[in-house]
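One structure is given below, encoded as structure tokens.
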Amino acid sequence: MSYWLFKSEPETFNINDLAKKPNKTEHWDGVRNYQARNFIRDDIKKGDQGFFYHSSCKVPGIAGIFEIVKSGYPDYTAWDPTSDHFDPTCSSDDPRWFMVDVRFVKKFDRIFTLDEIKNNPVLEKMAVARRGNRLSITPVTEHEWKTILKLA
DNA sequence: GCCAACGTTGGC
DNA sequence: GCCAACGTTGGC
């Protein structure tokens, strides 16, 4: 089993939104970056777990945990002209973008902040702590995962 | 609202 | 295939 960190802007979609979905499950669509796409298509498997990270907000940090309930499949919003994530250059017989389904597991009692990540010697090397990092999906090591669970 | 970082686009 | 311009992300 692998661990991941998914970023989302809480004004758009946050951990409470996920918890309120039917079956507490939602597809994670709209990833339009090749590196993140490759993780979704090739590496993220059913049963993996992820941190739900809130970005571009007052207190950026990890809000809780989800699990992967369906591994990568074509992100159909790329073919939907009414979607914000529509990609007009993407043909329907050759899926370019992928998504996974995630299910709410738990919400932390508090936000485990980016500041705490940066100031922890175990966590400071996490991609999310690097200045200028824009990748919305990044791998998390087991050591990092357990360290955060202990402290959150 | 500013600006650094960096992925993408497009001219050559 | 190089690289400058541009657009977006995201912390501050």
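Values reported hereafter were calculated over all heavy atoms of this structure, with side chains retained and with hydrogens, waters and symmetry mates removed. So you know, we letter chains A, B, ... as the sequences are listed, proteins then strands, and number each from 1.
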Measure [atom1]/[X] against [atom2]/[N] and give the value in whole Å, please.
| X | N | atom1 | atom2 | answer |
| --- | --- | --- | --- | --- |
| A/Q35 | B/dC6 | CD | P | 11 Å |
| A/W97 | B/dG7 | CH2 | C1' | 11 Å |
| A/I62 | C/dG11 | CD1 | P | 12 Å |
| A/H54 | C/dG11 | NE2 | P | 12 Å |
| A/N33 | C/dG10 | CG | P | 10 Å |
| A/R32 | C/dT9 | CZ | P | 12 Å |
| A/I117 | C/dG11 | CD1 | P | 10 Å |
| A/K58 | C/dG10 | NZ | C1' | 17 Å |

Item checked: Nucleotide of B/dA5, C/dG11, C/dG10 approaching A/R134 most closely (side-chain heavy atoms) -> B/dA5

Next item on the list: When you get a sec, tell me which of C/dG7, C/dC12, B/dT8 is the closest nucleotide to the side chain of A/Y34?
Entry: B/dT8

Next item on the list: Have a look at A/E26 and tell me which of A/K21, A/K70, A/R103 forms a salt bridge (Lys or Arg N to Asp or Glu O under 4.0 Å) with it.
Entry: A/K21

Checklist line | Partner of A/D75 under salt bridge (Lys or Arg N to Asp or Glu O under 4.0 Å), chosen from A/R32, A/R41, A/R37 | finding: A/R32

Note to self: When you measure from the side-chain N and O atoms of A/K7 to the phosphate of C/dG10, is any distance below 4.0 Å, counting only OP1 and OP2?
What the structure shows: yes

Notebook entry, point to check: Pairing of DNA chain C as dot-bracket, 5' to 3': ( ) intra-strand, [ ] crossing, | other strand, . unpaired, with Watson-Crick or G-U pairs under 3.5 Å?
Noted result: ||||||||||||

Next item on the list: Give a yes or no on whether a donor-acceptor pair under 3.5 Å exists between the nucleobase atoms of B/dA5, that is its base, and the side chain of A/R131.
Entry: no

Check: So which heavy atom on A/H54 is nearest to which on A/I15, and how close?
Finding: NE2-N, 3.3 Å

Notebook entry, point to check: Between the side chains of A/E116 and A/T113, does any donor sit under 3.5 Å from an acceptor?
Noted result: yes

Check: Going through the distances and angles, do A/D87 and A/W97 end up as a side chain to side chain donor-acceptor pair (under 3.5 Å)?
Finding: CA-CA 9 Å; A/D87 180 353; A/W97 305 115; 2.8 Å; yes

Next item on the list: Under the ring pair (Phe, Tyr, Trp, His ring centres under 6.0 Å) rule, what do A/W79 and A/F86 come out as? Steps first, then yes or no, please.
Entry: CA-CA 6 Å; A/W79 301 317; A/F86 178 55; over 10 Å; no

Item checked: Pair A/F104-A/F52, ring pair (Phe, Tyr, Trp, His ring centres under 6.0 Å): steps then yes or no -> CA-CA 9 Å; A/F104 175 87; A/F52 196 123; 9.0 Å; no

